[in-house]
Amino acid sequence: MNLPLPVRQTMRYLSHRLLAGLFDLAVMAGLQFGIVASITALLPPTHPGHHFSTPGLMLFGVLSPLAWFVYAVVPLTRSGSTLGKEMLGLRVVDQSGRSPSLLQAALRESAGRWLNAMVLNLGLLFVFWDRDRQALHDMVAETLVVWRKNQGVLH
């Protein structure tokens, strides 16, 4: 099948975004597993069949969002990339081409992702129709995902 050039470019762009997201998801799952394993070792469950003791559950409630913040939000504000985006040559920027603010990064990675999940991640398909190739979570935070090399928006 020979797709038109804009469709091929969009498919390449979307596949890079999806692979970066899957890599980041795997890293976050590993971090969560490490947090759970560490808490369970330090504060073993007090009741049979439970995964956490009460102090362990409270510690998990603090460390889990902290891990998300340190892995997903902070790097976006500093360099525009998480490990997955860095590996695949992508960068998140605001409308003026700079790394997103702390508020934009947190909004993109929390409310934007949650909203996208509520529509079965179909918000990713907006990249086919949106002029700036924004997915739903990018629209929420007013961010763009660009190729790292030329820092330009894909058109």
| field | Check against side-chain contact (heavy atoms from CB on, under 4.5 Å), Arg17 and Val145 | value | CA-CA 8 Å; Arg17 285 190 68 167; Val145 177; 3.5 Å; yes

Same apolar cluster (I L V M F W Y, side chains within < 4.5 Å links), [X]/[Y]:
{"X": "Leu31", "Y": "Leu83", "result": "yes"}
{"X": "Phe33", "Y": "Leu43", "result": "no"}
{"X": "Val62", "Y": "Ile39", "result": "no"}
{"X": "Val27", "Y": "Leu22", "result": "no"}

Reported [atom1]-to-[atom2] distance for the pair [X] and [Y], which is rounded to 0.5 angstrom:
{"X": "His51", "Y": "Leu57", "atom1": "NE2", "atom2": "CG", "value": "11.0 Å"}
{"X": "Thr77", "Y": "Leu103", "atom1": "OG1", "atom2": "CG", "value": "11.5 Å"}
{"X": "Leu90", "Y": "Trp147", "atom1": "CG", "atom2": "CH2", "value": "5.5 Å"}
{"X": "Asn116", "Y": "Leu124", "atom1": "CG", "atom2": "CG", "value": "4.5 Å"}
{"X": "His50", "Y": "Thr40", "atom1": "NE2", "atom2": "OG1", "value": "13.0 Å"}
{"X": "Leu14", "Y": "Gln9", "atom1": "CG", "atom2": "CD", "value": "13.5 Å"}

| Check: Ser64 side chain, Gly61 main-chain N or O, donor-acceptor pair, under 3.5 Å | no

| field | Backbone N/O of Gln104 and side chain of Glu142: donor-acceptor pair under 3.5 Å | value | no

Can you find a heavy atom in the side chain of [X] that is under 4.5 Å from one in the side chain of [Y]?
{"X": "Phe52", "Y": "His47", "result": "no"}
{"X": "Arg108", "Y": "Val92", "result": "yes"}
{"X": "Leu144", "Y": "Arg133", "result": "no"}
{"X": "Phe126", "Y": "Asp138", "result": "no"}
{"X": "Gln32", "Y": "Phe60", "result": "yes"}
{"X": "Phe23", "Y": "Leu88", "result": "no"}
{"X": "Phe69", "Y": "Leu102", "result": "yes"}

Nearest non-hydrogen partners of [X] and [Y], listed with the distance:
{"X": "Pro75", "Y": "Val70", "answer": "CD-O, 3.2 Å"}
{"X": "Val140", "Y": "Leu115", "answer": "CG2-CD2, 3.8 Å"}
{"X": "Gly80", "Y": "Ser99", "answer": "N-OG, 3.5 Å"}
{"X": "Leu76", "Y": "Pro100", "answer": "O-CD, 3.2 Å"}

Does any donor atom in the side chain of [X] or [Y] lie under 3.5 Å from an acceptor atom in the other side chain?
{"X": "Ser81", "Y": "Arg148", "result": "yes"}
{"X": "Ser79", "Y": "Arg91", "result": "no"}
{"X": "Thr143", "Y": "Asp94", "result": "no"}

| Full working for side-chain contact (heavy atoms from CB on, under 4.5 Å) between Val93 and Arg98 | CA-CA 5 Å; Val93 297; Arg98 293 186 303 263; over 6 Å; no

| field | Intermediate values then yes/no, side-chain contact (heavy atoms from CB on, under 4.5 Å), Phe128 and Met11 | value | CA-CA 9 Å; Phe128 286 106; Met11 290 297 290; 3.4 Å; yes

